Amino acid sequence: MNIITPTEASVMQGIREKVAAGERLSLEDGVFLYRSDDLLSIGQMANEANLRKNGKRVYFIDTMTLYFTNVCEARCAFCSFRKDEGDEGAYTLTPQEMIDYVDKHITPTVREFHIVGGHNQHVPFQYYIDSIAALKKQYPHVTLKTYTAAEIDFFSRISGLSYREVLQELQKAGLESLTGGGAEILSDQYRKKMRVEKADVSQYLQVHRTAHELGIKTHTTMLYGAVETHEQRIQHMMSIRELQDETNGFLVFIPLSMQPHSPKAGIRRRNSAYEDLKTIAISRLMLDNFNHIKAYFINIGPQLTQVSLTMGASDVHGTLVRERISHSAGALTPEGLSREDLIWLIKGAGRIPVERDTFYNEIKVFE
């Protein structure tokens, strides 16, 4: 049993006073919280911070994940989704093939398409424009949350267009929001070690900055649990916090728990529940200018997601029909949950389920 020393207790009390007063936490504060084993105090502070922002409301959306291609030029060390063209299982769907797939699986309440995929250098930028344009024409009532910042950087490279021009072309085709992927850990040292062969730190942030300047609200993530340090995690949060100060364009922060390469991997190859809850809580405390922290049940499971709702999380994502990327990397969780299950999960934590759209406009409150 670890004993909290007087010095540690005084530091924790100082952080508690900052949180209560609405003061911003520092890098040192964040690192201290990660190194503390007082999860209950950290969670309690995060819960109080969240209640001030959102009350007992917890948000979800009926969303459908779509992947036009898994062919990718990058070979990031953590990715099990990518394929080379010609590999067994490699695919690149035509717009009509995707429409046929959606027609088979869409439900009447789906409000959002979450679209990501590989960086397929064998097709032109026009392919990516045409793909989402076809979806928007077929399903005009569904919001297109489309592509990552890393994909926007890739499109810029293959087209010769600037980030702004790429985003404007995609907006014309129907893009309404960017997904948060591609951030991993915003550290050049980390990205070199993990062979993150896509947009670097400054490029990731610049894509989101440009999107915000164009009026596009975006999402952002942090993939944790590999080789990064606690300092790098906190610096990641501070980098996006700084951009949020500048643009106020982020809708939500999504901590993503790193998955092992095989579903058969044991618990020692996975982040602990303790680490997952701590990361959600610390995210809530560090990101004082974000309205929402998402507990992503695909990575941490429904039950831990339920617990996280009392530790700073205010969003459980959504129904997520047929998620593939995390599951290709070894996730053991369901590929999706029904609306009824999400509502039950939220109510079970003593919270109020709220169906939302992509932009956190409330659709229905389930009292």
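Everything quoted here is computed from the prediction, not taken from an experiment. We number each residue from 1, following the sequence as shown.
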Checklist outcome for this item: Hits for side-chain contact (heavy atoms from CB on, under 4.5 Å) against Ala295, two or more places apart or cross-chain, chain-then-number order -> Ile280, Ile300, Thr305, Ser308, Ala313
Item to check | Main-chain N/O of Ser272 paired with Glu275 side-chain donor or acceptor, under 3.5 Å | outcome: no
Item to check | Salt-bridge present (Asp153, Arg157; N to O < 4.0 Å) | outcome: yes
Item to check | Salt bridge Glu231-Arg35, side-chain N to carboxylate O under 4.0 Å | outcome: yes
Checklist entry - Aromatic rings His141 and Tyr139: how do their planes relate, parallel, tilted or perpendicular, breaks at 30° and 60°? => result perpendicular
Checklist entry - Tyr274, Ile42: one ILVMFWY side-chain cluster at the under-4.5 Å cut-off? => result yes
Next on the checklist: In terms of relative ring orientation, are Phe290 and Phe250 parallel, tilted or perpendicular, with 30° and 60° separating the classes?
Outcome noted: parallel
Item to check | Geometric class of the Tyr147/Phe155 ring pair [parallel <30°, tilted 30-60°, perpendicular >60°] | outcome: perpendicular
Checklist entry - Is it true that a side-chain atom of Glu85 and a backbone atom of Val71 form a donor plus acceptor pair closer than 3.5 Å? => result no
Item to check | Rounded distance (nearest 0.5 Å) linking atom NE2 of His230 with atom OH of Tyr224 | outcome: 11.0 Å
Item to check | Residues that Asp130 engages under side-chain contact (heavy atoms from CB on, under 4.5 Å), provided they are two or more places apart | outcome: Gln126
Checklist entry - Given Gln206 and Thr210, is the side chain to side chain donor-acceptor pair (under 3.5 Å) satisfied, shown in steps? => result CA-CA 6 Å; Gln206 185 57 36; Thr210 304; 3.2 Å; yes
Next on the checklist: Hydrophobic clusters here meaning ILVMFWY residues chained together by side-chain heavy-atom distances under 4.5 Å, can you tell me if Leu51 and Met286 are in one?
Outcome noted: no
Checklist entry - Between Glu112 and Thr63, is there a donor-acceptor pair closer than 3.5 Å when you use the side chain of the first and the backbone of the second? => result no
Item to check | Expected output: side-chain Glu228 to main-chain Ala226 donor-acceptor under 3.5 Å | outcome: yes
Next on the checklist: Could you tell me if Tyr59 and Glu362 have a donor-acceptor pair between their side chains, going purely by distance under 3.5 Å?
Outcome noted: yes
